[in-house]
Amino acid sequence: MPNTVPNTTTKEILDAKESNSKNRSYVDYGFHFGGSKLDNSEEIRKVRDRVASTKIFLNMSTGDMLVEEEKVLENLFKESKIISVHAEEEMVDKAIDLARKFRKPLYLCHFLKKVK
């Protein structure tokens with residue numbers, strides 16, 4: 001997951017994590033890249049074919065990973081190949097709407113939504 005220290009939100013940090021993991025694992029693995037409230041959509045474009053997904057935190061997270069601004073969310077969804085979200089309540093619907101708008105696969109990681 002990308003919400004580690006440091007957050008996996010740049011190509012350089014992803015490169016370092018991949019380098020650190022090389023020849024140290026006995027199983028297949030993949031990295032999830034993090035969307036950032038600082039709009040790292042340019043970084044996503046550089047790595048989107050190398051990661052399992054871009055994980056976007058819509059309700060809570062650490063560091064600069066909680067994304068609340070609409071334009072930033074749209075940029076992150078637009079540049080991602082596959083999106084994973086941490087979403088609760090109305091943000092579940094928001095994530096689904098954005099995935100439909102940009103025609104992107106969406107994975108709801110651990111979400112909370114009350115069913116009426």
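Here, residue 1 is the first one in the sequence, and each next residue gets the next number.
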**OP:** Taking Asn3 for its side chain and Met65 for its backbone only, find out whether a donor-acceptor pair lies under 3.5 Å.
**Re:** no
Rounded to the nearest 0.5 Å, the CG atom of Leu108 sits from the OG atom of Ser84 at a distance of 9.0 Å
Thr9 and Gly34 have their tightest heavy-atom pair at CG2-O, 3.5 Å
Are Glu68 and Lys94 close enough for a salt bridge, meaning some N to O gap below 4.0 Å? no
Would the distance check show the side chain of Thr10 and the main-chain N or O of Ile13 forming a donor-acceptor pair, the cut-off being under 3.5 Å? yes
- Query: Between Glu79 and Arg45, is the closest basic N to carboxylate O distance under 4.0 Å?
  - Reply: yes
So CG of Leu76 and NZ of Lys71: to nearest 0.5 Å the spacing works out to 11.0 Å
Find out whether Asp64 and Asn40 are in side-chain contact, i.e. whether some heavy atom of one side chain is under 4.5 Å from a heavy atom of the other. no
Between Ile56 and the options Leu66, Leu73, Ile44, the side chain to side chain contact (heavy atoms under 4.5 Å, CB included) test singles out Leu73
Side chains of Thr54 and Ile82, heavy atoms from C-beta outward: is any pair under 4.5 Å? no
Do the non-hydrogen side-chain atoms of Arg100 and Ile96 ever get within less than 4.5 Å of each other? yes
Exercise. Within the distance-only criterion (no hydrogens, no angle test), does the side chain of Ser36 pair as donor or acceptor with the backbone N or O of Leu38 below 3.5 angstrom?
Worked result: yes
Q.
Could you check whether any side-chain N or O of Asn59 sits under 3.5 Å from a backbone N or O of Glu88, counting only pairs where one atom can act as donor and the other as acceptor?
A. yes
message: Is there a side chain to side chain contact (heavy atoms under 4.5 Å, CB included) between Phe33 and Lys11? Walk through the geometry before answering.
response: CA-CA 9 Å; Phe33 199 73; Lys11 179 186 177 298; 5.7 Å; no
| query | Are any of the side-chain heavy atoms of Thr8 and His32 separated by less than 4.5 Å? | reply | no
Do Asp39 and Ser41 meet the criterion of a side-chain donor-acceptor pair at a distance under 3.5 Å?
yes
Check whether any side-chain N or O of Asp93 sits under 3.5 Å from a backbone N or O of Glu90 as a donor-acceptor pair, and report yes or no. no
Point to revise | His86/Cys109 under side chain to side chain contact (heavy atoms under 4.5 Å, CB included): CA gap, chis, key distance, verdict | key: CA-CA 6 Å; His86 174 106; Cys109 297; 5.6 Å; no
So the salt bridge (Lys or Arg N to Asp or Glu O under 4.0 Å) pairs with at least one residue in residues 49-61 (sequence neighbours excluded) are Asp15-Arg50, Glu18-Arg50, Asp49-Lys81
For Ala87 and Leu58, the nearest pair of non-hydrogen atoms, with its separation, is CB-CD1, 4.1 Å
The side-chain contact (heavy atoms from CB on, under 4.5 Å) partners of Phe102 (sequence neighbours excluded) come to Glu74, Phe77, Lys78, Leu98, Lys104
- prompt: Given side chains that start at C-beta, do those of Pro2 and Phe57 come closer than 4.5 Å, heavy atoms only?
  reply: yes
Residues passing the ring-ring contact (aromatic ring centres under 6.0 Å, His included) test with Tyr29, sequence neighbours excluded, are Phe31
